Structures are given as structure tokens and as C-alpha cells.
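Below: the structure, in C-alpha cells.
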Amino acid sequence: MEGERRASQARSSGLPAGGADGESPGGGTPFPGSSGSSALLQAEVLDLDEDEDDLEVFSKDASLMDMNSFSPMMPTSPLSMINQIKFEDEPDLKDLFITVDEPESHVTTIETFVTYRIITKTSRGEFDSSEFEVRRRYQDFLWLKGKLEEAHPTLIIPPLPEKFMVKGMVERFNDDFIETRRKALHKFLNRIADHPTLTFNEDFKIFLTAQAWELSSHKKQGPGLLSRMGQTVRAVASSMRGVKNRPEEFMQMNNFIELFSQKINLIDKISQRIYKEEREYFDEMKEYGPVHILWSASEEDLVDILKDVASCIDRCCKATEKRMSGLAEALLPVVHEYVLYSEMLMGVMKRRDQIQAELDSKVEALTYKKADADLLPEEIGKLEDKVECANNALKADWERWKQNMQNDIKLAFTDMAEENIHYYEQCLATWESFLTSQTNLHLEEASEDKP
């Protein structure tokens with residue numbers, strides 16, 4: 001009865017309910033927690049033999065925690081707290097929809113850049129309206145990513161696409177490049193929206209709703225240059241000292257990240273190579289159809305056969321082009337996103353280590369009485385709380401991320417395998433139809449020649 005009463009209050013206030021069971025109010029991915037150090041590496045990353053062609057996709061072994069696990073970076077405002085409570089008798093409802101579209105190029109005397117339209121539709125009570133439309137450039141996305149890392153140093157922030165494409169890819173501001181980036185930015189924002197903690201970040205809300213001048217004004221309210229320099233110096237000093245006693249579960253987590261980075265980078269490289277070879281094969285095959293048409297003009301006895309061959313080649317070319325499109329849109333972006341995720345994970349581990357290193361240095365100072373013994377215990381107590389919050393946040397987000405990663409990679413490779421099967425069946429049916437028609441034709445001719 002108490003749960004029903006609270007649910008009724010939440011509904012009457014116009015606020016969506018969700019979150020305590022670990023699901024985002026938007027009906028997003030469950031928010032798993034730690035299942036102990038022994039479970040950190042239960043899920044295989046990728047099993048790759050030294051032969052690059054032997055690829056094994058992730059296993060689906062991941063445990064979900066009970067939904068009471070600690071999330072230290074949860075917003076504490078009443079509205080946000082209500083939004084993150086999920087009642088068992090209420091269905092999951094997605095309450096934040098974000099679309100990134102309509103890229104627009106801008107040319108000034110100083111620079112050339114592209115802005116993207118962002119449309120947000122929401123039923124959340126903390127938003128002033130149900131729909132917002134703003135335009136943002138890539139630098140604004142970078143600012144948002146930085147603010148999220150600053151507010152949640154040990155949560156796994158979704159990666160942004162690179163500022164410049166790697167060698168061999170399309171040129172900057174090319175239509176293909178802009179469209180590829182638009183899709184990546186769309187996924188970036190929607191991954192944040194589906195995250196049970198990041199979705200309630202105040203800077204994220206401002207990014208989605210503020211007009212350009214308001215966002216510019218908000219950016220200037222951050223810490224000054226000297227403050228940022230001080231934070232950087234402390235971070236560098238902590239990283240130089242290193243962590244003396246990293247907990248075993250984070251040692252295993254770090255090993256997982258290193259192995260994952262190696263495997264996913266290798267898969268990315270192989271996938272790009274396969275796409276390149278497929279493109280070369282397609283370009284070469286396109287020339288064979290016209291060649292057979294020209295050939296038929298000089299072979300009166302083979303006109304029909306050569307034209308049928310040209311038609312079969314043309315159908316196979318179209319099937320190959322469709323398969324290449326599937327590879328470029330379904331597999332390559334997913335694999336490369338997790339290459340970027342591997343870099344993000346290394347940054348998260350470094351920030352966690354910096355927090356612990358700061359605590360270690362204070363404990364050491366107290367041990368050897370290098371500082372005021374009256375003030376240090378209080379500082380150490382605060383740092384211990386900070387380390388515990390950071391560790392719990394990372395452990396909870398880690399399990400959630402692993403589950404999403406396994407699902408994404410498995411789906412991408414499964415879809416690609418199904419696409420390949422359909423492609424080969426289509427090409428096989430094309431040539432079997434040709435051979436059957438030619439066989440029937442020869443049988444008819446043979447029967448006519450008999451007396």
C-alpha cells in the first residue's frame with residue numbers, strides 16, 4: 001500500500017517514476033552492480049587466436065545485481081530523486097527522446113564548422129517545456145563530455161567521435177564524414193539519456209535546452225584558469241606517485257581493459273581491411289557486366305548467353321553493394337565505438353587511481369607526521385568517503401557497461417552473419433537460375449535435333 005501511495009503521488013505530480021530497480025526512467029538498460037572480484041572477468045572479452053581471421057564474439061555471461069546498489073553520483077534534488085524511484089507495479093516508460101539531425105555548415109573569416117540540430121522531447125517535470133530545439137557544434141559536445149567527467153569521474157562516459165578522421169577515411173566536412181559524425185553524436189546523446197545517473201546531470205539538461213547565448217554564458221561560470229591549473233597539477237602529482245595498493249578487483253578490471261583494448265583494436269583493423277577488400281572486389285566486378293555486353297555484340301551465336309551472364313553479374317553487384325552498406329552502417333561503427341570506449345575506460349581507471357593516490361599520500365603524511373596531525377584525520381575521513389564513492393560508482397557502472405558491450409557486439413556480428421548468409425544465397429540463386437535455364441535450353445535443342 002505504501003508503494004502504491006508513493007506511485008500515485010509521483011503520477012499526480014506529473015513526474016515519471018523509475019530507477020530504484022536500476023532502470024533508467026526512460027526504460028533504459030538495467031544498472032548492474034558489483035558481484036565481487038571473482039565475477040569481474042567472468043565475461044570473455046574476445047577470444048582471438050594469433051590467426052587474425054579467427055574471431056569469437058563475446059560470451060553473454062554477466063550478472064545483474066539487486067537494485068539497491070550504491071550510485072554515489074545520483075542527483076539529490078527532490079525532483080531527481082523522485083524520478084529515480086521505480087515502483088514495481090508501474091511499467092517502464094521512456095521519458096526522454098533526443099534526435100540529432102540537419103547538419104549545417106558555417107563559414108566565417110576565422111573558421112569553418114558544422115552545427116547539428118538537436119530536438120528533445122520529454123515528459124520530465126524538471127524541464128520547463130515538453131519539447132526543445134537547439135543547434136550545437138562539435139565543441140559543445142566536447143564541453144558536455146568534459147563536464148560529465150568532472151561531475152562523475154569514475155562513471156563510464158560514452159565516447160565522442162574523433163575530431164578528425166583517421167588516415168584513409170573521408171575528408172573533413174565531406175558529406176559522408178558529416179553524416180557519420182551525426183550518427184555518432186546522436187548515439188552519444190542517447191546513451192547519456194539512457195544512463196541511470198548521467199541522464200539527470202544538470203549540464204546535460206542545459207546542453208539540451210539552452211539557446212546558444214545561454215550555453216555560452218553557462219560555460220563561463222566554470223572554475224577559473226588558476227583553479228583548473230591547480231587541479232591539473234594535483235592530478236599529475238597523484239599519477240606520478242601512483243597507487244601502492246590497488247584493490248584486487250580493480251587490478252582484474254584493469255587487466256580486462258588492457259586485453260579488451262588489444263582485441264577490439266585488432267577487430268577494428270580487420271573489419272576495416274575486410275571493407276577495403278570488399279570495395280576493391282565490387283569495383284572490379286562492376287566492369288565485367290559491360291564487358292560481356294560488348295562481347296555479345298561480336299558473337300552472334302553467344303548473344304543470349306553473354307547477355308544473361310551480364311545480367312547475373314549486375315544482380316550480384318547490387319547484392320554486394322547492399323552487403324557493403326550493411327558492413328559500413330552496422331558493424332564498423334559499433335566496433336570503432338568500442339575502440340573509443342577502451343580509451344575512455346583507461347581514463348576512468350586513471351581518475352580512480354588518482355583519487356586513491358591522494359588518500360594514500362595523506363595517510364602517509366599522517367604516519368610520518370609530515371603535516372598538521374590535527375587536520376589530517378578529518379581530511380583523510382573525507383578522502384576515504386570519496387574513494388568509497390568512486391569505487392562503488394565504477395563497480396556498478398562497470399557491470400552495466402559490460403552487459404551493454406556484450407549485447408552490442410553480439411548483435412552487430414549476428415546481424416552481419418545473417419546479412420552474409422542472405423548475400424550468398426542470393427548470388428547462388430542467381431547463378432543456379434542461369435544454369436538451369438541454359439540446361440533446359442540445351443535439352444530442348446537436343447530433342448529438336450533428334451529424327
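None of these values were measured; they are calculated from a predicted model.
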Practice task
Using the test side chain to side chain contact (heavy atoms under 4.5 Å, CB included), find all partners of Ser130 that sit at least two apart in sequence or belong to another chain.
Solution key: none
Practice task
Identify the two heavy atoms, one from Pro153 and one from Arg351, that lie closest to each other, and give their separation to 0.1 Å.
Solution key: O-NE, 2.8 Å
Handout entry: Contact list for residues 324-333, test salt bridge (charged side-chain N to carboxylate O under 4.0 Å, His left out), sequence neighbours left out
Key = none
Problem - Donor-acceptor contact present, side-chain Asn190 to main-chain Ile98, <3.5 Å - result: yes
Exercise for the section: For Lys286, look at atom NZ and say whether over 12 heavy atoms of other residues, nucleotides or ligands are found less than 6.0 Å away. Expected result: yes
Completion exercise
By ring-ring contact (aromatic ring centres under 6.0 Å, His included), Phe207 pairs with (sequence neighbours left out) Phe141
Handout entry: Short side-chain donor-acceptor distance under 3.5 Å, His152 and Asp397
Key = no
Exercise for the section: Look only at the side chain of Glu214 and the backbone of Gln211, and say whether a donor-acceptor pair between them is shorter than 3.5 Å. Expected result: yes
Exercise for the section: Would you give the length of the straight line joining atom NZ of Lys322 to atom SG of Cys317, rounded to the nearest 0.5 angstrom? Expected result: 15.5 Å
Exercise for the section: Check whether any side-chain N or O of Thr414 sits under 3.5 Å from a backbone N or O of Lys410 as a donor-acceptor pair, and report yes or no. Expected result: yes
Practice task
Please tell me if the side chains of Ile257 and Trp398 come closer than 4.5 Å, counting only heavy atoms from C-beta onward.
Solution key: yes
Practice task
May I ask you to test the Pro103-Thr115 pair for a side-chain heavy-atom distance under 4.5 Å?
Solution key: no
Practice task
Start with the C-alpha distance between His218 and Trp143, add both sets of side-chain angles, then the distance that settles ring pair (Phe, Tyr, Trp, His ring centres under 6.0 Å), and finish with yes or no.
Solution key: CA-CA 11 Å; His218 181 73; Trp143 170 83; 5.7 Å; yes
Problem - Test item: Phe132 and Leu208 side chains (from C-beta on) under 4.5 Å apart, heavy atoms - result: no
Problem - Closest heavy-atom pair and its distance - Thr199, Ala193 - result: OG1-O, 3.0 Å
Problem - Step-by-step side chain to side chain contact (heavy atoms under 4.5 Å, CB included) determination, Glu149 to Met344 - result: CA-CA 10 Å; Glu149 290 176 349; Met344 291 291 298; 3.4 Å; yes
Practice task
Please report the C-alpha distance between Thr120 and Glu133 in whole Å, then the side-chain angles of each, then the deciding distance to 0.1 Å, and finally whether the side chain to side chain contact (heavy atoms under 4.5 Å, CB included) criterion is met.
Solution key: CA-CA 6 Å; Thr120 303; Glu133 179 178 324; over 6 Å; no
Completion exercise
Between Arg124 and Asp95, the two heavy atoms sitting closest are NE-OD1, 3.2 Å
Exercise for the section: Output all residues satisfying side chain to side chain contact (heavy atoms under 4.5 Å, CB included) with Glu111, sequence neighbours left out; order by chain, then residue number. Expected result: Thr108, Phe113, Arg137
Exercise for the section: Give a yes/no verdict on a cation-pi contact between Arg135 and Tyr116, requiring under 6.0 Å between NZ or CZ and the six-membered ring centre and an angle within 45° of the axis. Expected result: no
Practice task
Could you pull out all residues at least two apart from His422 that satisfy side-chain hydrogen bond (donor to acceptor under 3.5 Å, both in side chains)?
Solution key: none
Problem - Full working for side chain to side chain contact (heavy atoms under 4.5 Å, CB included) between Phe250 and Gln356 - result: CA-CA 12 Å; Phe250 293 110; Gln356 184 179 335; 5.8 Å; no
Practice task
Look only at the side chain of Asn407 and the backbone of Gln403, and say whether a donor-acceptor pair between them is shorter than 3.5 Å.
Solution key: yes
Practice task
Please tell me if the side chains of Leu96 and Phe204 come closer than 4.5 Å, counting only heavy atoms from C-beta onward.
Solution key: yes
Practice task
Indicate whether the side chain of Tyr281 and that of Thr320 have a donor and an acceptor atom separated by less than 3.5 Å.
Solution key: no
Completion exercise
Sorted by chain and number, sequence neighbours left out, side-chain hydrogen bond (donor to acceptor under 3.5 Å, both in side chains) with Glu202 holds for none
Problem - Residue pair Ile313 / His292, side-chain heavy-atom distance below 4.5 Å - result: yes
Handout entry: Close side-chain approach of Leu411 and Asp415, heavy atoms under 4.5 Å
Key = yes
Problem - Note, Leu198 side chain near Leu155 side chain (heavy atom, < 4.5 Å) - result: yes
Handout entry: Test side-chain hydrogen bond (donor to acceptor under 3.5 Å, both in side chains) applied to Asp101 - qualifying residues, sequence neighbours left out
Key = Arg117
Problem - Gln426 side, atom CD; Ile421 side, atom CD1 - distance, nearest 0.5 Å - result: 14.0 Å
Handout entry: CA sep, side-chain torsions, deciding dist, call: Glu399, Lys395, salt bridge (Lys or Arg N to Asp or Glu O under 4.0 Å)
Key = CA-CA 7 Å; Glu399 292 298 329; Lys395 286 188 290 186; over 6 Å; no
Problem - salt bridge (Lys or Arg N to Asp or Glu O under 4.0 Å) evaluation trace for Glu321 with Lys318 - result: CA-CA 5 Å; Glu321 188 174 24; Lys318 291 178 180 178; over 6 Å; no
Handout entry: Least distance between heavy atoms, Val100 atom then Arg182 atom
Key = O-NH1, 2.7 Å
Handout entry: Inter-residue atom distance Cys389.SG - Leu394.CG, 0.5 Å rounding
Key = 13.0 Å
Completion exercise
CG (Asp203) and NZ (Lys145) are apart, to the nearest 0.5 Å, by 14.5 Å
Exercise for the section: State which residues pass side chain to side chain contact (heavy atoms under 4.5 Å, CB included) with Lys382; sequence neighbours excluded, sorted by chain then number. Expected result: Glu378
Problem - Geometric cation-pi criterion Arg323 and Tyr423, 6.0 Å radius, 45° cone - result: yes
Problem - Tyr288 OH to Asp314 CG distance, which is reported to the nearest 0.5 Å - result: 15.0 Å
Practice task
List the steps and the verdict of side chain to side chain contact (heavy atoms under 4.5 Å, CB included) for Asn254 and Arg246.
Solution key: CA-CA 10 Å; Asn254 192 68; Arg246 179 191 284 165; 3.5 Å; yes
Exercise for the section: If a pair satisfies salt bridge (charged side-chain N to carboxylate O under 4.0 Å, His left out) and one of its residues is in residues 332-341, list it, with sequence neighbours excluded. Expected result: Lys187-Glu337, Arg191-Glu337
Exercise for the section: Could you tell me which residues satisfy side-chain hydrogen bond (donor to acceptor under 3.5 Å, both in side chains) with Ser342, sequence neighbours excluded, listed by chain and number? Expected result: none
Handout entry: Where Leu331 and Ala412 come nearest, the two heavy atoms and their spacing
Key = CD1-CB, 3.9 Å
Problem - Under 3.5 Å side-chain donor-acceptor pair for Thr197 and Arg400 - result: no
Exercise for the section: Please name all residues satisfying salt bridge (charged side-chain N to carboxylate O under 4.0 Å, His left out) with Lys205, sequence neighbours left out, ordered by chain then number. Expected result: none
Practice task
Would you kindly say whether His186 and Thr99 are connected by a side-chain donor-acceptor distance under 3.5 Å?
Solution key: no
Handout entry: Glu131: partners by side chain to side chain contact (heavy atoms under 4.5 Å, CB included), with sequence neighbours left out
Key = Ile119, Lys121
Exercise for the section: Please examine the side chains of Glu280 and Glu278, heavy atoms only from C-beta on, and report whether any two atoms are closer than 4.5 Å. Expected result: no
Handout entry: Smallest separation among heavy atoms of Gly289 and Ala310, with atom names
Key = O-CB, 3.6 Å
